[in-house]
Amino acid sequence: QRWIASGSIFRPKDDPKSPVSSSRAASKNDSHPAFSRLGANEAPAMSDIHILRPVDADANAARLNFPFGEVVSAVTWEFVDPTNPADTSRLGHDAQGRTVFEPRDSKKGDVARAIFYFYVRYRNEPTASFSLENFNIEEQTLLQWAADDPVDEYEQERNAIAFRVQGNRNPFVDRDDFLARIGDFPN
């Protein structure tokens, strides 16, 4: 388990004072949400704070490298947030029958903005393992998630801390209108 505690950059939204806030804290680990398939397991992306997130180890294991999407059937794994039972992550099938991972509603916009940041930051400097296969499947869903779950104070604070630590910002956190203005990302 690794946490970057400087400035509480990985502080969960539900506890502003502690990087570990729940009984499930022992099962937390850091992750690149969906980025290993895009090449985040190689330098320089593997240490980019904008894409590292603390995640539940069970959720991370269930997600694997499946694309993100809206689960509509055949749920094979589910995590119900004990502090908000309506906020659920799940693995199952989307409307096209593909296996997808759907994060909790409160995290969807965060995930979307991190993936779009990664795409813009690393697309023109791809690593050997870089692939847009899942991005092509999830792009429209991610745009919707970013619109439905707007930037909040936690994301703004995290973006400012990341800037102080590594010297760059996630433009989609600073300007949530950028995604709507770009519309369709080239592949």
Side-chain angles (χ1 to χ4, degrees), residues 1-4 8-16 18-38 40-41 48-119 131 133-155 157-159 170 172-173 176 179:
Q1 175 175 330
R2 294 180 295 161
W3 294 85
I4 296 176
S8 299
I9 199 160
F10 282 150
R11 184 189 75 226
K13 287 182 181 182
D14 63 336
D15 185 346
S18 171
V20 179
S21 65
S22 74
S23 61
R24 294 186 56 83
S27 68
K28 300 278 189 225
N29 63 19
D30 63 326
S31 177
H32 303 90
F35 299 111
S36 60
R37 67 169 189 266
L38 290 172
N41 51 346
D48 192 320
I49 294 170
H50 290 293
I51 61 172
L52 283 170
R53 298 285 196 259
V55 296
D56 180 83
D58 294 337
N60 200 35
R63 181 186 54 79
L64 294 171
N65 281 328
F66 291 113
F68 287 103
E70 296 285 333
V71 172
V72 298
S73 67
V75 175
T76 59
W77 180 90
E78 188 171 66
F79 170 72
V80 178
D81 182 344
T83 63
N84 182 1
D87 209 14
T88 303
S89 297
R90 60 184 62 87
L91 182 71
H93 291 160
D94 67 5
Q96 289 74 38
R98 296 177 294 229
T99 300
V100 296
F101 184 84
E102 181 178 354
R104 297 180 289 156
D105 289 342
S106 64
K107 303 291 186 188
K108 287 179 178 178
D110 305 39
V111 167
R113 284 180 285 278
I115 291 174
F116 286 119
Y117 161 85
F118 185 88
Y119 176 92
S131 168
E133 182 180 350
N134 283 353
F135 183 79
N136 293 332
I137 293 169
E138 63 200 11
E139 179 182 0
Q140 292 307 307
T141 300
L142 295 173
L143 287 167
Q144 187 62 53
W145 288 356
D148 293 346
D149 178 27
V151 175
D152 58 23
E153 185 179 328
Y154 171 81
E155 265 188 292
E157 177 186 345
R158 191 178 190 288
N159 198 30
N170 180 338
F172 304 114
V173 173
D176 59 359
L179 288 172

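Predicted, not measured: the structure shown is a model, and the values here were computed from it.
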message: Angle between ring planes, F116 versus F135, binned at 30° and 60°: parallel, tilted or perpendicular?
response: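 Answer is perpendicular, since the angle exceeds 60°.
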message: Quick one: does any side-chain atom of N170 pair with a main-chain N or O of N159 as donor and acceptor, under 3.5 Å?
response: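 No: the side chain of N170 does not pair with the backbone of N159.
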message: Whether the side chain of R158 engages the backbone of I49 through a donor-acceptor N/O pair (distance < 3.5 Å, no angle test) should be reported.
response: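 Flag set: sc R158 to bb I49 pair under 3.5 Å.
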query: In chain order, what residues pass the salt bridge (charged side-chain N to carboxylate O under 4.0 Å, His left out) check against R104, with sequence neighbours excluded?
result: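 Only D81 meet the salt bridge (charged side-chain N to carboxylate O under 4.0 Å, His left out) criterion with R104.
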field: Flag side-chain contact, heavy atom, 4.5 Å: W145 against E70
entry: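 Answer yes - side chains close enough.
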task: Please identify each residue that fulfils side chain to side chain contact (heavy atoms under 4.5 Å, CB included) with Q96, with sequence neighbours left out.
output: D94, R98
task: For Q140, enumerate each residue passing the side chain to side chain contact (heavy atoms under 4.5 Å, CB included) test, keeping only those at least two apart in sequence or located in another chain.
output: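 Checked Q140 against side chain to side chain contact (heavy atoms under 4.5 Å, CB included); matches are L143, D184.
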- prompt: Quick one: CG on D48 to CZ on F118, what's the gap to the nearest 0.5 Å?
  reply: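 One gets 8.0 Å once the value is rounded to the nearest 0.5 Å.
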query: Which value, rounded to the nearest 0.5 Å, describes the distance between E102 atom CD and K107 atom NZ?
result: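 Rounded to the nearest 0.5 Å, the CD-NZ separation comes to 15.0 Å.
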Looking at residues at least two apart in the chain, or sitting in another chain, which of them share a side chain to side chain donor-acceptor pair (under 3.5 Å) with [X]?
X: Q144; answer: D148
X: D105; answer: K108
X: N136; answer: N187

